[in-house]
Chemist: 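Shown below is the structure under consideration.
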Amino acid sequence: MRITLNRRPVDVPDELADEPLLFLLRDHLGLNGPRFGCGVGSCGACTVVIDGQAERSCIQPATAAQGREVLTLEGLAGAGGLHPFQRAWIEESVPQCGYCQNGQIMTVFALLAAQPDAGAADIKAAMDGVLCRCGTQPRIRRAIARARALAAGDA
Amino acid sequence: MPRLSRRRVLAALGWGAAGITAVAGGAFALMPTLPPRRPPTPGDAAAWLSLRPDGVFELLSSRAEMGQGISIGMRQVAADELGVGIDRIRLVQPDTGLIPVARSTVGSDAMRETGPLVARAAAALAVAILREAARRLQRPAGDLRLAPDGVMDGDALVLAFDDLGAAGPLFVTEGEVAAATPRLLADPSGRREVGRARPTHDVEAIVTGSRPLYTDDVRLPGMVFGAVVRPRTLGGRIRAIDASACAAVPGFLGLHRDGAFAGLVASRRSALARAMEVLAVDEAEGAAVDSASLAAMVDVSAAVGGLEHGVLDDGDLGDDPFDVDLTLAVPLAAHASIEPRTAVARFGDDGGLEVWTGTQDPFFVRDSLADAFGLSRAQVVVHGMRIGGGFGARTIVAAEMEAARLAKLCGRPVKVQWSRSDEFRAGFHRAPSSHRIRLSADAAGRITRWHHAFRSGHVIFTSAAMGPGLQFATGFVADPGVARGAVPAYAASAARVAFEDVRLPVMTGPWRGLGAAANHWAIETAVDALARAKGLDPLDLRLRSIAPEHVRLRAVLAAAADMAGWPVRPKDRPDEGWGLACGIYKEMSFAATVARVTRTAAGYKVTGLWCAHDCGLVVNPDQVRAQVEGNLVWGIGMALKEELAVGGGRILPESFFDYPLPVLSDVPDIEVRLIEGSPQPTGAGETAIVSGTAAVTNAIAAMTGRTVTALPVGRA
Ligand code: FES
Ligand code: FES
């Protein structure tokens, strides 16, 4: 089985086909970005982007990524340096413990990549399910606005 | 209850070991390993800071980083004291073999306790460097000064830091730290880093995933995954386990038992959940407690006779009826950190044990593991990792012991990561409590009589870390965690505060703010109700009644009211209300919050929050603001959402689907004003929670005309 992980082809041993994608990425491919928070799709900490769509990797089998493009937090930065969302997250000093922030960044990244003019209701629909216990919500909102401004400036 | 002739305030004892030994006496031998409690000394600080051969100052942190920002704050303090840029301070989260024993990261005291010592160590190191430079250059030290890249003489760099460190790391002695006079504390004009907003340490790695930060990022050669088989019911006991069906699960390696302990080991993480599903467990179920029976166990109106522990007993309450008489209920609630408890354990060929874990108390973990496995303390090394949310949950030994036991039993390094249902079922929680508050005020709107009686599950003397012997021994001692925040900031000519701690069949323990979160909600709810009963503005009643010595509390209250435009706020109406609350945390930090709450079809929604906060010297305003915001979001959760439901003898939630937390659209923009009312830092990690919850429920009361008497408030 083969997936494209952060723009590189990766071979996955067949016996891991039914491993949850999160564990494949973390335990077998050594990634740190997607994180385990609940394992049942209830927090969003494990979010990755598959073919442009934000997915909770803890409830996707590895086969769900077969032949598809998986983007993780590690793949967000490009040749030009940090992605606008990563820059905005630093500039707005969003993370406290930081554990949830993979899910926050990847979810809003996928939303705005697919729907650049997403409104408040779209953001609420996508982001209310990505939990943060530290209480960074006001800063997440500010960072989203800043990233959009950065992206607009870059364009 | 015997009447006390004078004000008696319980000392916040941390774990209160002194209290235990005083009462337990001969029970000492039964005591388990106790957490280290000694505050840090100049001798400790001498081991924290050194100039390394690469010309960078290495600062070994004695406190855990869990998002409260202590790491970046310590770097800022050291950078200023040395007069160098922050990038020249390398912060290392050391393992327990590298620094003297340090106490746990609790009670919002990391910066207060360690910040001034880091400054002194840095001041001592600055002197030592100049002395060393003078010796090498054969010049008087008085001609030399420290600059960002090394030692200067006039405008010339005469010795770079990497040259200075080249011969080996440069340390200072205990005596030098003790004698040092940090200039920062004396002279604010020398500050460049202290007072500057900076994001949390490791922020780049957090937003890129570029390197390991948390325990789950630790991967050892040959490592396998483990999970503990637990009773499903509270107080349940496993009688028998049949793992024969697990053999068919790919990756399953085995079931290991040792007395009552049982755990599964697998080469793949998915195998653990699958094996758990097919495992046949015969359990002797515990008693069928539920949320209602827990509430009844702490119900203050069910107490017979006086409550056991007096906090305050001044003047005569008399027999007149009170202006308000409220009974208030706070339910069981979870920490719900997004990172579940996780530990990796490995036994070495020499019999030593290494453990990686995100813990608030690495030395307690080390000592507990050493005692459990019959090892010396030097044979156990604990690597403290960044914690994905602490809030008091990581103060005891949990996944660490499980990983070590499984590593011992299976002979390989083991990672144990709790499932989300483990977190709810096997973790400990905020104790439920019940409060009766009776208050009266005079015609001028000053509080005259104060009576607060409350009962609560344990906080510091948590059953999660204490066996039956110690539970018995501490049964006679006032739990200082339950009492925290119970002394009112209001002056009353007659005041009585008393409480009782109740041993519950669920595990309870420290949760953000300890008892102060619940006690202050109760106090500030009652004060608001008193204002309503007297027809007074809740701000005026508070300003008239706050005890004269609490000048800083008045200041934050006035500031919050000013920020929110309290005096000119719109009139409360059925779909919008404004609430206010304030409080003092640990007698040293102050917060006041105004909340605006709107009623919508979906329920109550907090639409504005303004908080004025005084935790003394602010090393990093950005991190302090983040703590204030976090506490206020916890206040929203506590007020509107959080209850850990119990039914049929089980903790019911299994995931976040069943335990709602505040989400993005529940949280308004938050305006914070920081006031530096003392030259020392006094702690921000738990302060604002004393005001956040009641500000929200008081806003609801303003809107409905009915006091909120039970948390959480459900749908409108
Ligand atoms: S870990 Fe996947 S949603 Fe929580
Ligand atoms: S930053 Fe800690 S959970 Fe979001």
Chemist: Return the option, out of A/G129, A/G41, A/G33, with the maximum number of heavy-atom pairs under 4.5 Å with chain B.
Modeler: A/G41
Chemist: Measure up the B/W511 and B/H335 rings against each other and bin them: parallel (under 30°), tilted (30 to 60°), perpendicular (over 60°).
Modeler: tilted
Chemist: Given a strict heavy-atom distance threshold of 4.5 Å, which part of B/A334 is in contact with chain A: side chain, backbone, both, or neither?
Modeler: backbone
Chemist: So for B/R625, is it side chain, backbone, both, or neither that comes closer than 4.5 Å to the heavy atoms of chain A?
Modeler: both
Chemist: Which bit of A/N102 comes within less than 4.5 Å of chain B, counting heavy atoms only: side chain, backbone, both or neither?
Modeler: neither
Chemist: Would you say the side-chain atoms of B/E686 pair up with the backbone N or O of B/S108, donor to acceptor, closer than 3.5 Å?
Modeler: yes
Chemist: Can you tell me which portion of B/I387 sits under 4.5 Å from chain A's heavy atoms? Options are side chain, backbone, both or neither.
Modeler: backbone
Chemist: Of the listed residues (A/R35, A/Q104, A/Q96), which shares the most heavy-atom pairs with chain B below a 4.5 Å separation?
Modeler: A/Q96
Chemist: Got more than 12 heavy atoms from elsewhere within 6.0 Å of CD, A/E69?
Modeler: no
Chemist: Would B/S337 and B/E339 count as having a side-chain donor-acceptor pair, cut-off 3.5 Å?
Modeler: no
Chemist: With A/R146 as the cation and A/W89 as the aromatic partner, state whether NZ or CZ is under 6.0 Å from the six-membered ring centre and within 45° of the axis.
Modeler: no
Chemist: Tell me, for B/P250 versus chain A, whether the close heavy atoms (under 4.5 Å) come from the side chain, the backbone, both or neither.
Modeler: neither
Chemist: Less than 4.5 Å to any heavy atom of chain B: does that hold for the side chain of A/R26, its backbone, both, or neither?
Modeler: both
Chemist: Side-chain contact, heavy-atom cut-off 4.5 Å: B/E654 with B/R420?
Modeler: no
Chemist: Tell me, for A/L131 versus chain B, whether the close heavy atoms (under 4.5 Å) come from the side chain, the backbone, both or neither.
Modeler: both
Chemist: I'd like to know which of A/P138, A/G37, A/P34 tops the heavy-atom pair count under 4.5 Å against chain B.
Modeler: A/G37
Chemist: Are B/P653 and B/L644 packed together at the side-chain level, in the sense that at least one heavy-atom pair is separated by less than 4.5 angstrom?
Modeler: yes
Chemist: Heavy-atom pairs under 4.5 Å with chain B: which of A/S42, A/G103, A/A77, A/G39 has the most?
Modeler: A/S42
Chemist: Sort B/R268 into side chain, backbone, both or neither according to what part of it lies under 4.5 angstrom from a heavy atom of chain A.
Modeler: both
Chemist: Could you have a look at B/A271, B/S210, B/P668 and say which one has the most heavy-atom pairs with chain A under 4.5 angstrom?
Modeler: B/P668
Chemist: B/Q623 versus chain A, heavy atoms under 4.5 Å apart: side chain, backbone, both or neither?
Modeler: side chain
Chemist: Can you tell which part of A/F23 gets under 4.5 Å to a heavy atom of chain B, answering side chain, backbone, both or neither?
Modeler: side chain
Chemist: Of the listed residues (B/R211, B/E204, B/R512), which shares the most heavy-atom pairs with chain A below a 4.5 Å separation?
Modeler: B/R211
Chemist: Name the option with the most non-hydrogen atom pairs under 4.5 Å to chain B; the candidates are A/Q86, A/K124, A/E15, A/R139.
Modeler: A/R139
Chemist: For B/R196, which residues count as a side chain to side chain contact (heavy atoms under 4.5 Å, CB included) partner, sequence neighbours excluded?
Modeler: B/Q76, B/E193, B/R198
Chemist: Pick whichever of B/I338, B/L661, B/N631, B/I206 has the most heavy-atom pairs under 4.5 Å with chain A.
Modeler: B/I338
Chemist: Tell me, for B/Y214 versus chain A, whether the close heavy atoms (under 4.5 Å) come from the side chain, the backbone, both or neither.
Modeler: side chain
Chemist: Can a salt bridge be assigned to the pair A/R68 and A/E55 using a cut-off of 4.0 Å between side-chain N and carboxylate O?
Modeler: no
Chemist: Given a strict heavy-atom distance threshold of 4.5 Å, which part of A/L31 is in contact with chain B: side chain, backbone, both, or neither?
Modeler: backbone
Chemist: Is there a donor-acceptor contact under 3.5 Å linking the side chains of B/S665 and A/D128?
Modeler: yes
Chemist: Determine whether a donor-acceptor pair (N or O, by modelled atom type, separation under 3.5 Å) exists between the side chain of B/R269 and the backbone of A/P20.
Modeler: no
Chemist: Is B/V633 in contact with chain A via its backbone, its side chain, both, or neither, using a 4.5 Å heavy-atom distance?
Modeler: side chain
Chemist: Got a salt bridge between B/D669 and A/R141, using NZ or NE/NH1/NH2 to carboxylate O under 4.0 Å?
Modeler: yes
Chemist: Just give me the residue among B/K415, B/M66, B/E629 that pairs up with chain A most often, heavy atom to heavy atom, under 4.5 Å.
Modeler: B/E629
Chemist: Any idea which of B/G389, B/A626, B/G390, B/P199 has the most non-hydrogen atom pairs under 4.5 angstrom with chain A?
Modeler: B/A626
Chemist: Please verify the inter-ring angle class for B/F391 with B/W634; under 30° counts as parallel, over 60° as perpendicular, anything in between as tilted.
Modeler: tilted
Chemist: Could you label the plane-to-plane angle of the B/F424 and B/F656 rings as parallel, tilted or perpendicular, counting under 30° as parallel and over 60° as perpendicular?
Modeler: perpendicular
Chemist: Considering only heavy atoms, which portion of A/Q101 lies under 4.5 Å from any heavy atom of chain B: side chain, backbone, both, or neither?
Modeler: side chain
